[in-house]
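Just below is one structure, and these are the notes that go with it.
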Amino acid sequence: MASNEEFPLRIEAVTAAWAAELRPEDDLPPTRCAGWQLVYVRSGTIEERCNDKRVVLRAGGILLHQPEEMLAMHSMGEIPPEVLRLEFYCAAAAMDRFRGAVFHAEPGEQHDLNWLMKQVGELYAIPEAGAQPAAREDVPFGARQQLVIHLENLLILLARRCKRPRKPTT
């Protein structure tokens, strides 16, 4: 059995995911995160609410909402934003380093981000406004496992960019 030191970051479940080009009226209303939520902006600009804080994400921006955080999204600018959202559970202590962190995608992370943007449509139907993405039933062999592998790899690459774990917040 592998130790936590050998595998310090394991995704327990991906509960929802979607990637789409949004219209200006496709803002997300305030909602509370059950688990973690990764947000990546491929093009355009959005404003993300993180509890009482607001963060502007431009093309290449990555943000991770932590569990129990209140989030919302507002489209900004004239370019319709293309956004990836992944909701997942991961109890690893390594996730603490992402609390409050905002990233800009580097070339090494782009492979996993592009794969995730392209493939989440095979696993989840794009939700109606305000609804959760519905998991598709007939998916290619191993597709859910591949999704987890690419997400874990992306998170490992991002974690390497963080100097040290951040203190957990209540």
Side-chain angles (χ1 to χ4, degrees), residues 8-22 26-28 30-77 79-124 126-127 132-133 146-169:
L9 202 152
R10 289 274 180 166
I11 302 298
E12 293 141 33
V14 175
T15 55
W18 58 266
E21 183 176 281
L22 304 174
D26 288 341
D27 292 352
L28 294 179
T31 186
R32 191 164 303 280
C33 274
W36 288 89
Q37 187 173 119
L38 179 131
V39 180
Y40 167 64
V41 179
R42 178 185 268 175
S43 63
T45 305
I46 63 171
E47 180 184 74
E48 280 289 314
R49 175 179 167 190
C50 309
N51 287 330
D52 296 328
K53 188 171 111 180
R54 303 210 185 281
V55 176
V56 174
L57 290 177
R58 292 176 176 79
I62 302 169
L63 175 126
L64 282 112
H65 288 288
Q66 61 193 11
E68 298 302 315
E69 187 170 81
M70 185 62 75
L71 68 91
M73 184 204 76
H74 173 68
S75 299
M76 299 177 70
I79 299 170
E82 191 175 4
V83 179
L84 167 70
R85 292 182 110 71
L86 286 153
E87 293 183 15
F88 62 95
Y89 288 96
C90 180
M95 293 300 291
D96 286 338
R97 65 186 64 212
F98 296 126
R99 295 182 191 277
V102 177
F103 300 91
H104 189 274
E106 291 188 349
E109 297 146 2
Q110 209 58 56
H111 170 74
D112 292 302
L113 287 164
N114 289 338
W115 189 95
L116 290 165
M117 288 285 300
K118 183 178 177 205
Q119 297 300 318
V120 295
E122 286 190 20
L123 297 168
Y124 297 90
I126 294 175
Q132 281 287 94
Q146 278 187 303
L147 179 78
V148 167
I149 289 168
H150 282 275
L151 178 56
E152 284 178 345
N153 193 58
L154 173 64
L155 293 173
I156 288 167
L157 293 172
L158 292 173
R160 288 177 180 172
R161 290 170 54 188
C162 297
K163 294 196 180 353
R164 62 182 178 267
R166 297 172 187 272
K167 292 182 180 174
T169 56

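Closest approach of A59 to S43, counting heavy atoms only: CB-CA, 3.9 Å. Taking each heavy atom of C90 and R10 in turn, the nearest pair found is SG-O, 3.1 Å. Heavy-atom minimum distance, P133 versus A17: CB-O, 3.5 Å. H104 and R161 get closest at one heavy-atom pair: O-NH2, 3.1 Å. The shortest heavy-atom contact between A16 and Y124 is CA-CE2, 3.7 Å. Taking every heavy atom of both residues into account, Y89 and G35 meet most closely at CE2-CA, 3.7 Å.
For R85 (side chain) and W18 (main-chain N/O), no donor-acceptor pair under 3.5 Å exists by modelled atom type. In terms of modelled atom types and a separation under 3.5 Å, the side chain of D112 and the main chain of L151 share no donor-acceptor contact. A side-chain donor-acceptor contact under 3.5 Å links R97 to the backbone of A159. Looking only at distances, no side-chain donor or acceptor of E122 sits under 3.5 Å from a matching main-chain atom of Q119.
Counting heavy atoms from C-beta outward, M73 and L22 have side chains that approach closer than 4.5 Å. Side-chain contact between H74 and R54 is absent, with no heavy atoms from C-beta onward closer than 4.5 Å. Using a 4.5 Å heavy-atom cutoff, the side chains of M95 and L155 are in contact. Here the side chains of V14 and L123 are not in contact, with every heavy-atom distance at 4.5 Å or above.
Expressed to the nearest 0.5 Å, how far OG1 of T45 lies from CZ of R58 amounts to 5.5 Å. Considering CZ of R99 and CD of Q66, their distance stands at 4.5 Å, rounded to 0.5 Å. To the nearest 0.5 Å, atom CG of residue L147 and atom CD of residue E152 are 10.0 Å apart. Here CG of L116 is found 6.0 Å from CG of L84. Values are rounded to the nearest 0.5 Å. In this structure, the separation between CD1 on I11 and NE2 on H150 is 13.5 Å, given to the nearest 0.5 Å. If you take CG on L71 and NZ on K53, they are separated by 13.5 Å, rounding to the nearest 0.5 Å.
Relative ring orientation between F88 and W36 is described as parallel, the plane-to-plane angle staying below 30° on a 0-90° scale split at 30° and 60°.
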*Please report the C-alpha distance between M70 and D52 in whole Å, then the side-chain angles of each, then the deciding distance to 0.1 Å, and finally whether the side-chain contact (heavy atoms from CB on, under 4.5 Å) criterion is met.*
CA-CA 8 Å; M70 185 62 75; D52 296 328; over 6 Å; no
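Of the N and O atoms on the side chains of E48 and H65, at least one donor lies less than 3.5 Å from an acceptor on the other residue.
I79 CD1: 12 or fewer foreign heavy atoms inside a 6.0 Å radius.
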